[in-house]
Amino acid sequence: ESFCDQILGLQYFTTVFLHLRTGEYLSMEVVSGKNMGMEKHLNLFEDRSLIVESYTEEKSILITDTENDPRLSQEWVRDHQVKLILHVPLLSFYHNTGVLTCYSTRELPEDDYSIIELIKNLSFVMSLHLAEKIYEIRKRENDKERRNEIQKARTQIEILQAELMKTGRLTALGTLASGLAHEIRNPLTVIKMLIENSRLELSGVFETNQNLNNDFQVIETEITKLNK
């Protein structure tokens, strides 16, 4: 904003404003001076304005005969009494950051282009300043993204470690259960064989003692359940 105020301080231009690149748009960020009713957001791929042309073709556009320029709306020129328009792309060693636009309600004094060259020089200084700021912002954003990615990776590792520990515990539990089942089935098989032998050897007793027969049947049933 201080750059725009400095240009207004030359007491020649009526309005000075900046359009900066934000994604697919040139967005108006700073306005100093009289409001000329300009678009705040210009689509780089759809709008055919002189501001977009200055940005995409990386060239300055100077219009001193506004009343006869077919690219301008004559109604707008008359309403705002615009006599001179200057669009300067903010080019630096890094990239194009936007466009500086200056409007004047006064004609260029005796074709004196020194003031135009001064504006271009100021624009170059401004572009360097903006490029440095943008670089710092992007660097901070990249650093933040890296930190977020590292944190996500750490979280995923912790989740995997927890799953591995859970899997290990389940495997150990399965091994223990299998071992216990084996240890239980072996004596049960022996007990079942002894019961069957007892039935054969004491068949007469089982025939006369129904209660004893019922008890043995209960034991055999429970052994069968445990063996499943």
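Here, residue 1 is the first one in the sequence, and each next residue gets the next number.
Of all the heavy atoms in L44 and Y55, the pair that sits closest is CD2-CD2, 3.6 Å. The nearest pair of heavy atoms linking G98 to L26 is CA-CD2, 4.4 Å. For the residue pair S27 and T22, the shortest heavy atom distance occurs at OG-OG1, 2.9 Å. Across all their heavy atoms, M28 and H19 have their closest contact at N-CD2, 3.5 Å.
Taking H87 as the reference, nothing meets the ring-ring contact (aromatic ring centres under 6.0 Å, His included) condition, with sequence neighbours excluded. With sequence neighbours excluded, the residues that form a side-chain hydrogen bond (donor to acceptor under 3.5 Å, both in side chains) with R71 are D69. Residues meeting the ring-ring contact (aromatic ring centres under 6.0 Å, His included) test with Y103, sequence neighbours left out: F17, W76.
For E39, the CD atom counts as loosely surrounded, since its 6.0 Å shell holds 12 or fewer non-hydrogen atoms of other residues, nucleotides or ligands. Remark: K34 NZ is packed, more than 12 non-hydrogen atoms of other residues, nucleotides or ligands lying under 6.0 Å away. Within 6.0 Å of CD in Q81 there are 12 or fewer heavy atoms belonging to other residues, nucleotides or ligands.
A salt bridge is defined here as a Lys NZ or Arg NE, NH1 or NH2 lying under 4.0 Å from an Asp or Glu carboxylate O, and R78 with E67 fails to meet this definition.
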Verify side chain to side chain contact (heavy atoms under 4.5 Å, CB included) between L50 and I63, making sure each step is shown before the conclusion.
-> CA-CA 10 Å; L50 294 175; I63 302 174; 3.4 Å; yes
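Using a 4.5 Å heavy-atom threshold, the side chains of L20 and L90 count as touching. I51 places none of its side-chain heavy atoms less than 4.5 Å from the side chain of I61.
One distance of note links CD of E75 with NE2 of H80; it measures 9.0 Å at 0.5 Å rounding. Between S49 atom OG and N43 atom CG the span is 10.0 Å, to the nearest 0.5 Å. The distance from atom OG1 of T66 to atom CD of Q74, rounded to the nearest 0.5 Å, is 7.0 Å. Here R21 contributes atom CZ and N96 contributes atom CG; the two are 8.5 Å apart, rounded to the nearest 0.5 Å.
Clustering ILVMFWY residues whenever any of their side-chain heavy atoms sit less than 4.5 angstrom apart, transitively, puts L62 in the very cluster that holds L18.
The main-chain N or O of S60 is never found under 3.5 Å from a side-chain atom of S54 such that the two would form a donor-acceptor pair.
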